[in-house]
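Notes for the one structure printed next.
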Amino acid sequence: MSLPATQVAGLTFRNPVVLASGTAGFGMEIEDVVDLDAVGAIATKAVSVAPRPGNPALRVSEFAGGMINAIGLANPGLDAVVRDYLPWLPRHHPGTRVFVNVVGNSIDDFATVVGAIDGMPGIDAFELNVSCPNVKAGGLEFGADQQALAALVSAARTKTSRPIFVKLSPTLGAAITETARVAVDSGATGLTLVNTMPGLVIDTHRRKPKISFGSGGLSGPAVLPIGLLATWRVSRALPGVPLIGLGGVSTGDDAIQYLLAGASLVGVGTAALRDPRAPERIARQMAAWAAREGVRDLTTIIGTLEWPT
């Protein structure tokens with residue numbers, strides 16, 4: 001039992017499951033443990049202009065509700081990524097769509113990365129991580145400054161005609177709808193909802209944070225209701241805009257909830273770190289749900305959540 005292909009943002013996906021950025025490297029790192037031909041797409045590890053060593057260990061710690069991490073957007077930098085990493089996935093798994101996740105310290109950084117990668121074969125779309133701090137503007141996150149966000153998305157759009165998805169932070173709360181509108185009005189094709197939630201987990205024996213950076217990004221099951229609400233809010237405010245629902249997906253039922261809330265694609269991250277077979281299992285469970293419910297095409301349920309009157 002499998003899901004039919006789906007069309008989103010002019011691209012064909014074998015199914016709606018997307019491996020979330022930061023959890024799957026550039027594909028080659030996980031080939032031995034994750035079936036890359038069983039998912040619709042992969043969002044790569046973040047790519048910045050210059051290499052980033054990331055934060056010191058310990059970078060990741062699990063807790064009852066999921067995981068907290070402070071990787072620090074570690075990556076080998078634009079030149080190495082273009083030369084050694086990005087060509088691999090289209091060559092070995094051409095049916096799996098590729099979103100390149102982009103980070104930067106300035107608007108120019110984002111435009112530079114997008115422009116350098118845009119001409120590469122096998123790259124399908126870009127995902128802009130606007131939760132990064134705008135170093136030139138005092139460290140405020142791009143996604144929290146609508147003027148800077150508009151300039152960033154516009155600059156990236158001048159470098160590519162491919163789909164651009166903007167990944168927003170759950171800390172925006174109800175304001176996420178207006179921020180999403182700014183992104184789309186500035187040239188974004190779609191949105192990824194949501195990034196990790198800031199959090200803190202403490203080692204009570206050491207009386208120190210469990211990860212070396214102190215605070216970090218919270219992911220896993222605890223984030224599911226936050227991601228669903230953000231997806232529902234944005235889908236209502238911007239009908240027809242493609243959304244990748246992300247946060248807390250561990251089962252096919254979780255993924256179906258995102259579709260009902262308005263997502264066209266569903267990201268899987270922390271669950272795949274815990275169980276490398278989770279993405280293909282989730283796709284199977286989605287297909288089984290559709291069969292039980294008599295749904296031939298999952299796109300027909302997108303945004304059909306019935307809100308209480």
Under 4.0 Å between a Lys/Arg side-chain N and an Asp/Glu carboxylate O for E62 and R274?
yes
Quick check: does any side chain N or O of E29 sit under 3.5 Å from a backbone N or O of G27, one acting as donor and the other as acceptor?
yes
Below 4.5 Å, heavy atoms only, C-beta onward: do L19 and I30 meet side chain to side chain?
yes
Spacing of CD1 belonging to I226 relative to CE belonging to M197, to within rounding of 0.5 Å
5.0 Å
List the residues meeting ring-ring contact (aromatic ring centres under 6.0 Å, His included) with Y85, not counting sequence neighbours, and say none if there are none.
F26
Could you check if a side-chain atom of S235 sits within less than 4.5 angstrom of a side-chain atom of L243, using non-hydrogen atoms only?
yes
Judged by atom type as modelled, is there a donor-acceptor pair below 3.5 Å linking the side chain of T231 to the main-chain atoms of G245?
no
Is the side chain of R91 donor-acceptor paired with the backbone N or O of P94 at a distance under 3.5 Å, no angle test?
no
Sequence neighbours excluded, every pair satisfying salt bridge (charged side-chain N to carboxylate O under 4.0 Å, His left out) that has a member inside residues 2-19
R14-D37
Any side-chain heavy atom of L193 within less than 4.5 Å of one from Y258?
no
Check whether any side-chain N or O of T44 sits under 3.5 Å from a backbone N or O of N101 as a donor-acceptor pair, and report yes or no.
yes
For Q257 and L224: C-alpha separation, side-chain torsions, deciding distance, then whether side-chain contact (heavy atoms from CB on, under 4.5 Å) applies.
CA-CA 9 Å; Q257 288 187 63; L224 179 65; 4.2 Å; yes
Closest approach of M120 to L86 (non-hydrogen atoms, all atoms of both residues)
CE-CB, 3.7 Å
Residue pair T112 / D109, side-chain donor-acceptor N/O under 3.5 Å
no
Using a distance-only test with no angle check, is there a side-chain donor-acceptor pair under 3.5 angstrom linking D297 and T299?
yes
Is any side-chain heavy atom of V49 closer than 4.5 Å to one of N105?
no
Supply the members, apart from V8, of the Ile/Leu/Val/Met/Phe/Trp/Tyr cluster built from side-chain contacts under 4.5 Å; use none for a lone residue.
L11, F13, V18, F99, F165, I244, L265
Return the CG to CD distance between L36 and E31, rounded to the nearest 0.5 Å.
6.5 Å
Linked, directly or transitively: I42 and I117 (ILVMFWY side chains, under 4.5 Å):
yes
List the steps and the verdict of side-chain contact (heavy atoms from CB on, under 4.5 Å) for L218 and T196.
CA-CA 5 Å; L218 172 66; T196 56; 5.6 Å; no
Donor-acceptor pair, R233 side chain versus A175 backbone, under 3.5 Å?
no
Indicate yes or no for a side-chain donor-acceptor contact from N75 to the backbone of L73 under 3.5 Å, with no hydrogens or angles considered.
yes
Non-hydrogen atoms of V268 and A271 that approach each other most closely
CG1-CB, 4.1 Å
Test item: R97 side-chain N/O and D124 main-chain N/O as donor-acceptor pair under 3.5 Å:
no
